[in-house]
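The structure under discussion appears below in the form of structure tokens.
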Amino acid sequence: MENFYDLTEEYDASHQLILSDSVPHSEIPAIMDTCQVGMIGYGRELGRASLPNRLFEYMSRGLAIMAPTYSPLIREIIEKYDIGICCDFEDPQSIANGIEWFQDNPDLVSAMGKRSREAFLRDFSWDAEFSKLLDQMGQGIRNRD
């Protein structure tokens, strides 16, 4: 099997992808700030019931998102906020088509990234979630009485 790094060179895609060894978590935000798209490349077994922190990390940095078609939780957020596209991460052609779509639509990608950040701040940030948590805790206390 060919090395993935070699394939990115062969298909002239090395300038569009950041491929690196392990990076300390503290360095990830700076790397994401150089990107326009974040990928959540799970297979079906993990993807079906997954709602990874990575989705919200990407949203917090204003990235458009490419995620698995078979992850209903992620897909619901992507479609509701129009912040990315979904593909089959077990099908190399589907992945390639997704990457090409992002490459061919820079204005849409930019708008998706902007909506992604706005949705994160409005609906998924700690401030937004904390308000919901306080409401639920108050409801639980009221129901106890």
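Listed by chain and residue number, nothing satisfies the side-chain hydrogen bond (donor to acceptor under 3.5 Å, both in side chains) test with Asp91 (two or more places apart in sequence, or in another chain). Partners of Glu90 under the side-chain hydrogen bond (donor to acceptor under 3.5 Å, both in side chains) rule, at least two apart in sequence or in another chain, are Arg44. Judged as a salt bridge (Lys or Arg N to Asp or Glu O under 4.0 Å), and not counting sequence neighbours, the contacts of Lys132 are Glu129. Looking at residues two or more places apart in sequence or on another chain, you find no side-chain contact (heavy atoms from CB on, under 4.5 Å) involving Pro106. With sequence neighbours left out, the side-chain hydrogen bond (donor to acceptor under 3.5 Å, both in side chains) criterion links Glu79 to Arg75. With sequence neighbours left out, Gln139 forms a side-chain hydrogen bond (donor to acceptor under 3.5 Å, both in side chains) with Arg142. Applying the side-chain contact (heavy atoms from CB on, under 4.5 Å) criterion to Asp123, with sequence neighbours excluded, gives Tyr81.
Between the side chain of Tyr42 and the backbone N or O of Phe89, no donor-acceptor pair lies under 3.5 Å. The main-chain N or O of Ile83 is never found under 3.5 Å from a side-chain atom of Ser116 such that the two would form a donor-acceptor pair.
The two atoms that bring Cys87 and Ser94 nearest to each other are CB-OG, 3.1 Å, heavy atoms only. Nearest heavy-atom pair across Met112 and Ile85 is CE-CG2, 4.3 Å.
Distance CE/Met39 to SG/Cys35: 11.0 Å, rounded to 0.5 Å. Between Phe56 atom CZ and Ser125 atom OG the span is 11.5 Å, to the nearest 0.5 Å.
Side-chain contact between Tyr58 and Ile40 is present, with heavy atoms from C-beta onward closer than 4.5 Å.
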Extract all donor-acceptor atom pairs below 3.5 Å that involve side chains of residues 95-102 and protein atoms in other chains or at least two apart in sequence.
| unit_1 | atom_1 | unit_2 | atom_2 | d |
| --- | --- | --- | --- | --- |
| Asn97 | OD1 | Gln93 | NE2 | 2.9 |
| Asn97 | ND2 | Gln93 | O | 3.3 |

Side chains of residues 59-68: which donor-acceptor pairs under 3.5 Å do they make with residues two or more places apart or in other chains?
| unit_1 | atom_1 | unit_2 | atom_2 | d |
| --- | --- | --- | --- | --- |
| Ser60 | OG | Glu57 | O | 2.8 |
| Arg61 | NE | Asp33 | OD1 | 2.9 |
| Arg61 | NH2 | Asp33 | OD1 | 3.1 |
| Arg61 | NH2 | Asp33 | OD2 | 2.6 |

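The cluster map of Ile, Leu, Val, Met, Phe, Trp and Tyr, joined by side-chain heavy atoms under 4.5 Å apart, puts Trp126 and Leu134 in the same cluster. No path of Ile, Leu, Val, Met, Phe, Trp and Tyr side chains, each step under 4.5 Å between heavy atoms, connects Phe120 with Leu133, placing them in separate hydrophobic clusters.
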